[in-house]
Amino acid sequence: MNPLLDEPLSVALLRTGWAATLSADELEVASRGTFDRIYPAGVVVAPLGEVAEHWIGVICGMVKVDTSLADGKSTTFIGVSTGGWLGEGSLLKRESRPYEVVALKESRIAFMSRPTFEWLYEYSLSFNHFLISQLNARLAQFISMVERSRMHSPTEIIAFGLASLLHPKLSPSPSQTLLISQEELGKLCGLSRQAANKGLHQLMEQGLIDVEYRAILVKDLEGLRSAARVVPGTERSD
DNA sequence: TCATTAAACGCGT
DNA sequence: ACGCGTTTAATGA
């Protein structure tokens, strides 16, 4: 039913941003040092505090990165959807993960072993280019999040969140359809369910998306990006 | 007073 | 069983 779920891993890796520019030899090493698993919705992919031994890739599906508190509450940092990779920071720093990774829906997750990651880090220039570009994009994302949380309206925050899930570098998904509940989208954006719902409908009225049951269809990604950008003098004016 | 939130309820998928 | 729309009650600006 979903071809991405049972496609051979080596083929799936070819569609990732970092694999495209690797040599055949490098790709062979990368492929041999990577395995994959399918996770049902709601299952922990990488627990908080685990010593990072793998780089994590979302072959298909969607995960959230959050910190879970003792009382069951959690704050979500980011969502990573199809085509995105995460955890390079913990690998490079040899630290235990300061966050947990949870599947938001059934997802196929790839794990690249530390030795393989370090080999690519050591020997492949294009892999390093990819890493820098990814870290740069991630940094820009977090800077925008801080800025945004201080001055943007809920609608703009939702627009930003949706655009982030379809970020060409961080989650280069070929699909423009996001299968995510409004509550989870709200969590990803730090908003209540009501606020997420309201924002989605405003964006729908602007013709940027279609809202469907369990799904959001992005019709105009560029429009979403500009909807997420604050124009001086218009902030907080819903 | 007005806006926003979590919790609860009922309906539809 | 889950997601979505709505209501309600509490909270705070």
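Throughout, a chain's letter reflects where its sequence line sits, starting with A, and its residues are numbered from 1.
- Note on A:L178: it clusters hydrophobically with A:M204, by side-chain heavy-atom contacts below 4.5 Å among ILVMFWY residues.
- Within the 4.5 Å cutoff, no side-chain heavy atoms of A:R108 are placed close to those of A:V58.
- Annotation: ring pair (Phe, Tyr, Trp, His ring centres under 6.0 Å) contacts of A:F117 (sequence neighbours excluded): A:W55, A:F127.
- One can place CD of A:E183 at 9 Å from P of B:dA6, the figure rounded to the nearest angstrom.
- In this structure, A:L200 atom CG and C:dT6 atom C1' are separated by 17 Å, rounded to whole Å.
- Distance A:K187 NZ to B:dA6 C1': 13 Å, rounded to the nearest Å.
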Give each protein N/O atom lying under 3.5 Å from an N/O atom of nucleotides 7-12 of chain C, with the pair distance.
none

What protein N or O atoms touch nucleotides 11-13 of chain B N or O atoms at under 3.5 angstrom, if any, and at what distances?
unit_1: B:dG12; atom_1: N2; unit_2: A:Y213; atom_2: OH; d: 2.7

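- Between A:L104 atom CG and C:dC2 atom P the separation is 14 Å, expressed in whole Å.
- No side-chain donor-acceptor contact under 3.5 Å links A:Q141 and A:S144.
- In the helix from B:dT1-C:dA13 to B:dT13-C:dA1, the terminal helix axes, each the rotation mapping four pairs' C1' atoms onto the next four within five end pairs, subtend 10°, rounded to 10°.
- Regarding A:K105, its NZ atom lies at a distance of 17 Å from the P atom of C:dC2, rounded to whole Å.
- Between A:L91 and A:R114 the shortest side-chain heavy-atom distance falls below 4.5 Å.
- A:V102 forms part of a hydrophobic cluster together with A:V44, judged by ILVMFWY side-chain heavy-atom separations under 4.5 Å.
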_Step-by-step side-chain hydrogen bond (donor to acceptor under 3.5 Å, both in side chains) determination, A:S153 to A:E156_ = CA-CA 5 Å; A:S153 71; A:E156 289 166 319; 3.2 Å; yes
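- Separating the CD atom of A:E212 from the P atom of C:dC4 is a distance of 11 Å, rounded to the nearest angstrom.
- Distance NZ (A:K198) to P (C:dC4): 18 Å, rounded to an integer number of Å.
- Side chain of A:S226 to backbone of A:G223: a donor-acceptor contact under 3.5 angstrom is found.
- Using a 4.0 Å cut-off between charged nitrogen and carboxylate oxygen, A:K187 and A:E183 do not count as a salt-bridge pair.
- Closest approach of A:K219 to A:G207, counting heavy atoms only: CE-O, 3.4 Å.
- Residues passing the ring pair (Phe, Tyr, Trp, His ring centres under 6.0 Å) test with A:Y39: none are found, sequence neighbours excluded.
- Per the geometry, CD1 belonging to A:I157 stands 13 Å off C1' belonging to B:dT4, to the nearest Å.
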